[in-house]
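One structure is given below, encoded as structure tokens.
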Amino acid sequence: MELRNFGAVIKFALEVEAMAAAFYETANAITKNQQLKSSFETFMQMRMTRMELLKRLRRENTTEMILEPISGLNSEKFRPKTECPEGCPDKKLIELAVSMENLNSAFYIVAAKKIEFLIEPADIFEQMAEENLEYTKQLEKFG
Amino acid sequence: MKGEVVKNYINGRWVESKSKETRDVISPTTGELLARTPMSTAEEAQEAIEAAKTAYERWRSTPAQTRIRYLYRFRNLLEDYFEELSKTITMEHGKIIDESRGEYRRAVENVEAAASIPTLQMGYNFEDIAAGIDEMVIKQPLGVFFCVAPFNFPGMVPTWFWPFAIACGNTYIVKPSEQVPLSQIRQFELIDKVGFPKGVMNLVNGGPEVVNALIKSPDTVGMSFVGSTPIGKLLYKKCGEHGKRAQVQAGAKNFITVMPDANIERTVPNLMSSFFGNTGQRCLSGAVLLAVGEVYNPLKVAVVNAAKELVIGNGLNEDVQMGPIATKAALKRVLGYIETGIKEGAELILDGRNVKIPDYPKGLFIGPNIFDKVTPEMTIAKEEIFGPVMSIIHVKDLDEAIDIIHANTYGNASSVFTSSGKIARDYQYRVRAGNIGINIGIVAPIATFPFSGMKDSFFGDLHGQGKDAVDFFTENKVVITRWF
């Protein structure tokens, strides 16, 4: 689906964060590795914090002067696959997480460009993209 | 709330109107009855005036720092209930949710700006105007003010006025639009929660009877109005007859000029927002597109293609870009203007009539409409349509564009799209409109600037928002002192 408004972009970002939080919650329940469990728990909390941040961005940055249509941003390209079946091995969980983080990062990089007329949200999207890559590095250490 | 008669808020409590006459508040999206607005009586307006008058002396003596703490609390409640308030606007007016959020953001900004009153309301003084004699100006509040609010920004427009008015020490009465009272009802629930001293803030629903009572009362001081030019002119005259201050922000016909050197890629999305945002129901909406010289053909193609892409539907859906028109009467009026445009020889190159949104058969939907080959004499080029209709006029140069703009009676806003600093400067210097945009389609002043307007778009001296608001809601008292 094409994201045509700032509100639609934020709505999708909230979906992405909610999916990630749900993924880490499930992964946390599946893994037996205590260190990995702890990381998943941290990542889940981070995603919840980011959801609050996104809601604040939407509340504080929508002004009528800049309500211009956005084009060329399709959400389906950035919708991650986050299903982790029960008993999924740690290696697979990490693979899924890394793939999701990379895709999330790509979304925030592209979306930041599309909303560059909104300085604070664009900057925070870029920051989130960097955070996603940082999470990837942390996850890869478990591999 | 569905179908209920909304209440008035007088002297710190919610009261039912005694009037049996009501007006239905209909969702423009679903067609369902949301509520009913009572056409309150002159006596009820008088009760609000009495409450505000009684509260005034105590409120004006309350230190400004204390007064603004009420505003801080109100501001925080606006943030807490931001999404819900925004949804209320979309529900009763139809505009898309992002536009409602934008509207509330500006409301919050106005409250924040008014909270600067301890600085803004400062007077000034000068020592030794003669030997041993000093002179000063004190900016004093005046009493009971009121606003008559429009339907197109039901959450924001009253905040152009009342936060400044009460921060200065006045007391206030809001008369919301009878078409869309719910946003103000919700705001007043928060005002009630804040716990302002009773009588400082009042709300009276209704129509002309209430407005006439507010104007004629010897106990009110001034009126802020936003609405159409015919009604605005009438009320401005009445205010004059009754010795009231008045700031009347009226209708508009906004001309947007695009020069051949404009960045088309950046300009077109801006034009979409300007002409079709809020379904064209802004007093800052673009109405006539003046395409200068060789930009005419490529611009025409680009705007039609972009307008075709706009998604129309229920404004609560985040993916929708254009909601319905607010009322049946407004839709009928817009359709009438489109018919007139066709009859007068303009070419309808994008026809937004007959748009059907499957899930909302009763919705008052209309798509973007674009007329080509419009001439300045045509009705659609002169009169305020207040709907999603773009009229394109091909002009040879900037001078011709400005002549057309100046021939129109309105002067609310006008924008130019250009990459030339010289043209931009010429435009802001020469064009007689209150709000000028340079590569900006919606020239919406922030809360610390006045919402300007000229010609038939504004009657009065001082505008809403910013320092103008402070001057409107205060009187400069001069004091000259000598001590023996």
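Numbered from 1 within each chain, the chains take letters A, B, ... in sequence-line order. Values below: all heavy atoms of this structure, side chains included; hydrogens, waters and symmetry mates excluded.
Residue A:Thr62 comes nearest to B:Arg105 through the heavy atom pair O-CB, 3.4 Å, listed as atom of the first residue, atom of the second, then distance. Taking both residues in full, the closest heavy atoms of B:Ser273 and A:Pro69 are given as N-CD, 4.5 Å, listed atom of the first, atom of the second, then distance. Of all heavy-atom pairs spanning A:Gly7 and B:Asp98, the tightest one is N-OD2, 2.6 Å.
Counting non-hydrogen atoms of neighbouring residues, nucleotides and ligands closer than 6.0 angstrom, the CE atom of A:Met48 reaches no more than 12 such neighbours. The number of heavy atoms from other shown groups lying within 6.0 Å of OH (B:Tyr81) does not exceed 12. Other residues, nucleotides and ligands contribute more than 12 heavy atoms inside 6.0 Å of the CZ atom of A:Phe142. The number of heavy atoms from other shown groups lying within 6.0 Å of CD (A:Glu83) does not exceed 12. At most 12 non-hydrogen atoms from other residues, nucleotides or ligands lie less than 6.0 angstrom from CD of A:Glu86.
Annotation: side chain of A:Asn5 is not in contact with side chain of B:Glu318 (no heavy-atom distance under 4.5 Å).
For B:Val268, no part lies near chain A; criterion is any non-hydrogen pair under 4.5 Å.
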Yes or no on side-chain contact (heavy atoms from CB on, under 4.5 Å) for B:Asp319 and A:Arg4, after CA distance, side-chain angles and deciding distance? CA-CA 6 Å; B:Asp319 304 313; A:Arg4 297 164 182 269; 5.8 Å; no
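When the candidates B:Leu271, B:Asn317, B:Val311 are compared by the number of heavy-atom contacts under 4.5 Å with chain A, B:Val311 comes out ahead.
In this view, B:Lys87 and B:Glu83, B:Ile97, B:Leu316 satisfy the side-chain contact (heavy atoms from CB on, under 4.5 Å) rule, not counting sequence neighbours. With sequence neighbours left out, the side-chain contact (heavy atoms from CB on, under 4.5 Å) criterion links B:Thr29 to B:Ser27, B:Asn314, B:Pro324, B:Tyr360, B:Phe365. Residues that satisfy the salt bridge (charged side-chain N to carboxylate O under 4.0 Å, His left out) test with A:Glu101, not counting sequence neighbours, are A:Arg47.
In this structure, OG on A:Ser71 lies 11.5 Å from CE on B:Met272, to the nearest 0.5 angstrom.
Residues of residues 52-60 of chain A having a heavy atom under 4.5 Å from any heavy atom of chain B, listed by number: A:Arg58, A:Arg59, A:Glu60.
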